[in-house]
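Okay, structure first, notes after.
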Amino acid sequence: MVDMEYNEMELMICVASRVFEDGASVSVGTGVPCAAAMLSQKLYAPNLLITFEAGSVAPILPSMPLSVGDSTTMSRALQTTSTADAMEMLQRGLIDYCFLGGAQIDMYGNLNSTVIGDYRKPKVRFPGSGGANDFASMSWRTIVVTPQSKRRFTNSIDFITTPGYLTGPGAREKAGLPRNTGPYRVITNMAVLGFDDKTKRMMIESVHPGYTIEDVQDNTGFELLVSEHLKETAPPTKEELKILREEVDPFRAVIGKKAQ
Amino acid sequence: MVDMEYNEMELMICVASRVFEDGASVSVGTGVPCAAAMLSQKLYAPNLLITFEAGSVAPILPSMPLSVGDSTTMSRALQTTSTADAMEMLQRGLIDYCFLGGAQIDMYGNLNSTVIGDYRKPKVRFPGSGGANDFASMSWRTIVVTPQSKRRFTNSIDFITTPGYLTGPGAREKAGLPRNTGPYRVITNMAVLGFDDKTKRMMIESVHPGYTIEDVQDNTGFELLVSEHLKETAPPTKEELKILREEVDPFRAVIGKKAQ
Amino acid sequence: MDGVGKLLGFEHPDDMREFFRKKSKKLEPKLMGLGEAVDRFIQEGDYLALGGFGLVRIPMAFIHEMIRQKKGGLKCAAFTSNLDTDMLAAGKMFKETDVSYAIAFEALGFPKIIRKYFESGEIYTTEWSNGALGWRYKAAAMGLSFLPIRSMLGTDTQKYSAAKEITCPFTGMKYLAVPALYPDAAVIHVHAADIYGNSYIKGVLIADIDIAKASKKVVITAERIVPTEFFRNNPERTKIPFYLVDAVVKSPFGSYPANMPYEYFLDVEHLREMLEAFSDEEGLKRYLDENIFKCETFFDFINLHGGMKKIQYLIDKENEILGGYNG
Amino acid sequence: MDGVGKLLGFEHPDDMREFFRKKSKKLEPKLMGLGEAVDRFIQEGDYLALGGFGLVRIPMAFIHEMIRQKKGGLKCAAFTSNLDTDMLAAGKMFKETDVSYAIAFEALGFPKIIRKYFESGEIYTTEWSNGALGWRYKAAAMGLSFLPIRSMLGTDTQKYSAAKEITCPFTGMKYLAVPALYPDAAVIHVHAADIYGNSYIKGVLIADIDIAKASKKVVITAERIVPTEFFRNNPERTKIPFYLVDAVVKSPFGSYPANMPYEYFLDVEHLREMLEAFSDEEGLKRYLDENIFKCETFFDFINLHGGMKKIQYLIDKENEILGGYNG
């Protein structure tokens, strides 16, 4: 019997796993992205092509990697190559999805994972871009997974580490970024958000069971648009939870953590 | 007993083999360059680093290659890599010498191996640059091996395939080519020619036994300078001929040909 | 100085991104016969890139089948190709070419009739060095429209190319910008491939990895088909990954009479016969008739030149040079 | 928009050409001890590049010895380095850094005291993405002063970098030009090397081949020293060729507590202890004292954390994941 209670991490992973079409390609990091990609491979997209920026291509992951280049990422891989190769695969347009987090996100999906406060005198210093800027610049669709809060969802973003739609429609193209790319979904503990085609502003696509539009808006520091086709998010299925808990993350390395 | 008679090909190979310092690096092609490099490794520069543009590094050549990437070039090599790698090794300044031929050469050491006549309506079409332009642009010193004749040594060169000193002092740098590079020696059946430091014009350095300065000048379509330190070329030694004939080219693949 | 040559095989990287986005990344079987691969993946007007170098690792069986199917009107890169582009020239299959080295069989000599074809004015050439043409593939492989390089500058090779001069924003240095080369179709002969297209090449890689990344359609011809476990067990073997590949063709001895490193040496005897035959129109026609049009399979062709006995001789020769297969 | 960050580790390619010209290409023995390698090849003020990535294939024994010898005043690249640059930060060994990813031990958390060091203003940072920093190495590895790239554009990461915008001469596209990165010294941990420096890396290569080509001095630390025949018998094994290398150091288990793919897994237990210790100045000082200053050799350090038994556990764990060494 699967316990149908689920925590926020489990919810976000299950929802994220449904994004991929079979045969899509994805650049992943450790943690939630990896769990979502693994779950998706087992349930929805058996041909999901998983790549890691340290150089591994199409592994059959035995467990959650702790590091983007650790041995699990090479397990039964179809190729082990270089970071430049992985980045140039992105630059050639071969990667459909990437998966990011961040300390702050604004209404255009711009992300901060560098500093809070002034760059030269930061209150908090985070790791910086890592591969995030490259992924979000060059993959076709960026997916962000992050908990919903006023502090995180803010237009007073201290530093744009990673490009969303920058200052709005046309701004990515003007900056020189590849055509037709950008943020696609933001998956939080309360909702799935998308981006309005015209204005490129963040928009509620579906609200998770137990939450309302107001809950989502109250936990966002800027005004959200609401999709005409607003839905309630389907909760994690029995199958999703079972496979996530038993096969994807049996040691609860990711699903045992608090969403942050 | 070594037959001390030698043909022009043997002479040019022996003279060329004396150019390298031990520990120098050289990009070679098939034929004379390869024979000279092999002979040099056996007699003068055991640490001569031989590279081929198809991607082989530091082989112990069992025999004369027929093709720049054939299996002999990989025999007991220290690395098999790519053409880009080989070319970038040149671009980084890691290659001391390269070895070229050509249908025409002018007083600045510019070489033609592309066409005789008009480019779009050639009387004769030759193979083109191959790696020659890259080698002569980016290695430190270019060595040319070619028979001496008025037809070949001409300032009416139809096409500059490969850069010598272009139009004279400073022209390479002005064109954007790397600093302090250029033609170093031209080895013919009659003489060893160098280039005057100031004018970058071709200059007789040493004349082979049996030839005079006049012979060389009479077989050259432009006026040659003569080095202050003009010498007679030392003829092939017994040791050079023995090793060339017995170890380097036992099947006379190169030394059995007419110089052309 | 901007090159005056026609720019061939160039695309905007954003257009190529759209193309590569649509290309399937599924692990799906792509094995097919030579005939089908040539028919489906080589179209009139295509810009064709061939793997290998000089007399080494040439997809010769594929080229024979192209000639048999009379594929024509192509563009191609003569990138230190001789045997391969010479064969295409023999079939009068291309009209435009980026040339860095063509015609001569390197140390063995040159086929007169092919030189004549190049001199005839029937072929339009844009000039490059080997380095430049290799970097054009690499620019495309990196997803760029150009790469800065330091060769070809100041020469007529530059003048008759399609390169442009640029200035380094950090040093003020002059560079030559070589434009990306995105071939429509590439054919690469490898040592081993699985049915999905994962491919192993042993020995020098030449420009083949960049060519596979740069090209819109990639056909792999392989000495042998191996289980995918060959790659999963040791993923550093994968020189060309499956997601770049459109077709896999089993093509044993497919490089003959060229050299397949670690497998069989080149057939000097046959190459000399080819040079002889390629002296005039009549010899050329006879060679193509006997060796291609009258042969049903590539083995039929090899049988004309000694068959098993010749192949064993070339394998023995190769083992002498490279000490046998040590994969 | 030109980046406002300070340009670190840059050189004119012509100056680097002169440097590389003088570097010996002789096949000569370069084997030496850790102490000598650190003493001779790491100088105050050097720009240092470290091979590996995150918690994988880190030259940890070398870093310990650098801390022991109190090497300081360095510049370095924090190229998805955490364990490595965090250790250097722990020793307050660098003042300026190109940073693409630092501080956090990826999925395991972050060491508070290292974050504080980065927040203190004592370190000058120039900002990059992993791709950009990797391409900076690659530009140098290609002998260029820059490469055009399509990421970082439009962001503050671009603003605080030292990159410049350029225009493609063929398409008019905007690119970011990232300047070459030519480190003074690189340290790369590999699976096997011969005494001349020929080196084999198994599994992901990260940016290490480009780093080896880009750097003025290259130190290889190797799990094992092997005969040169290991490479001559199968020259595709050579990931880094001897002529790039200045020193070879035998360094078994030299990546511990980080992961050495196909050899031993990372020691989560120890990494968690480090995170704990690196919470405050006192814990940090104690960690460095006990694990480095009071240890004569790297084996002494490993013995503090379980020695043979721990190592065997990590080997077993690795064999479970990658099925044992299948070189």
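Note on naming: letters A, B, ... go to the chains in the order of the sequence lines (proteins, then strands), and numbering restarts at 1 for each one.
The structure places CZ of C:F53 at 11.0 Å from CZ of B:F52, a figure rounded to the nearest 0.5 Å. The structure places CG of B:N112 at 11.0 Å from OG1 of C:T155, a figure rounded to the nearest 0.5 Å. Taken from CG in C:N259 to CE in B:M74, the straight-line distance is 6.5 Å, to the nearest 0.5 Å. Expressed to the nearest 0.5 Å, how far OG of B:S82 lies from CD1 of C:I206 amounts to 10.0 Å. Between the CD atom in C:E320 and the OG atom in B:S63 there is a gap of 9.0 Å [rounded to 0.5 Å]. Here the CD-CD1 distance, from B:Q91 to C:I149, works out to 7.0 Å after rounding to the nearest 0.5 Å.
Using a 4.0 Å cut-off between a side-chain N of Lys or Arg and a carboxylate O of Asp or Glu, B:E88 and C:K138 qualify as a salt bridge. By the 4.0 Å N-to-carboxylate-O rule, C:E127 lies close enough to B:R125 to be salt-bridged with it.
Between B:S67 and C:L55, the closest heavy-atom pair is OG-N, 3.2 Å. Annotation for C:V204 and B:A54: closest pair CB-O, 3.2 Å, computed over non-hydrogen atoms. What you find for C:I321 and B:S75 is that their closest heavy atoms are O-OG, 3.2 Å.
For C:T125, the parts sitting under 4.5 Å from any heavy atom of chain B are the backbone and the side chain alike. Looking at B:P62, the atoms closer than 4.5 Å to chain C (heavy atoms on both sides) all sit in the side chain, from C-beta outward. Looking at C:A132, only its backbone comes within 4.5 Å of chain B, counting heavy atoms on both sides. Only the side chain of C:L266 comes within less than 4.5 Å of a heavy atom of chain B; its backbone N, CA, C and O stay farther away. Using a 4.5 Å cut-off between heavy atoms, C:M173 makes no contact with chain B at all. Neither the backbone nor the side chain of B:F135 comes within contact range of chain C; no heavy atom of the residue lies under 4.5 Å from a heavy atom of that chain. Heavy atoms closer than 4.5 Å to chain C are found in both the backbone and the side chain of B:L66.
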Evaluate side-chain contact (heavy atoms from CB on, under 4.5 Å) for C:R150 paired with B:L177, printing each intermediate quantity in order. CA-CA 6 Å; C:R150 304 196 72 186; B:L177 291 171; 6.0 Å; no
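Between the B:S129 side chain and the C:S129 main chain, no donor and acceptor come within less than 3.5 Å of each other. The closest donor-acceptor contact from the side chain of C:K174 to the backbone of B:K174 lies under 3.5 Å. No donor-acceptor pair closer than 3.5 Å links the side chain of B:N133 to the backbone N or O of C:T157. At least one donor-acceptor pair closer than 3.5 Å links the side chain of C:E106 to the backbone N or O of B:V68.
Residue with the most contacts toward chain C among B:T162, B:T81, B:D134, B:T80: B:D134 (heavy-atom pairs, distance under 4.5 Å). Note on C:F265, C:F110, C:Y137, C:F105: by heavy-atom pairs under 4.5 Å with chain B, the leading option is C:F265. Of all the listed residues (B:K121, B:R76, B:Q79, B:K123), the one sharing the greatest number of non-hydrogen pairs under 4.5 Å with chain C is B:K123. Interface remark: of the candidates C:L153, C:D208, C:V268, C:L153 forms the most heavy-atom pairs closer than 4.5 Å to chain B. For the options B:T73, B:T30, B:D70, B:V57, heavy-atom pairs under 4.5 Å to chain C are most numerous at B:D70. Ranking B:S56, B:G128, B:G130 against chain C, the residue ahead of the rest is B:G130, based on heavy-atom pairs under 4.5 Å.
Aromatic pair B:F159/C:Y160: centroids less than 6.0 angstrom apart.
For the 3.5 Å distance criterion, the side chains of C:E318 and B:S71 qualify, holding a donor opposite an acceptor.
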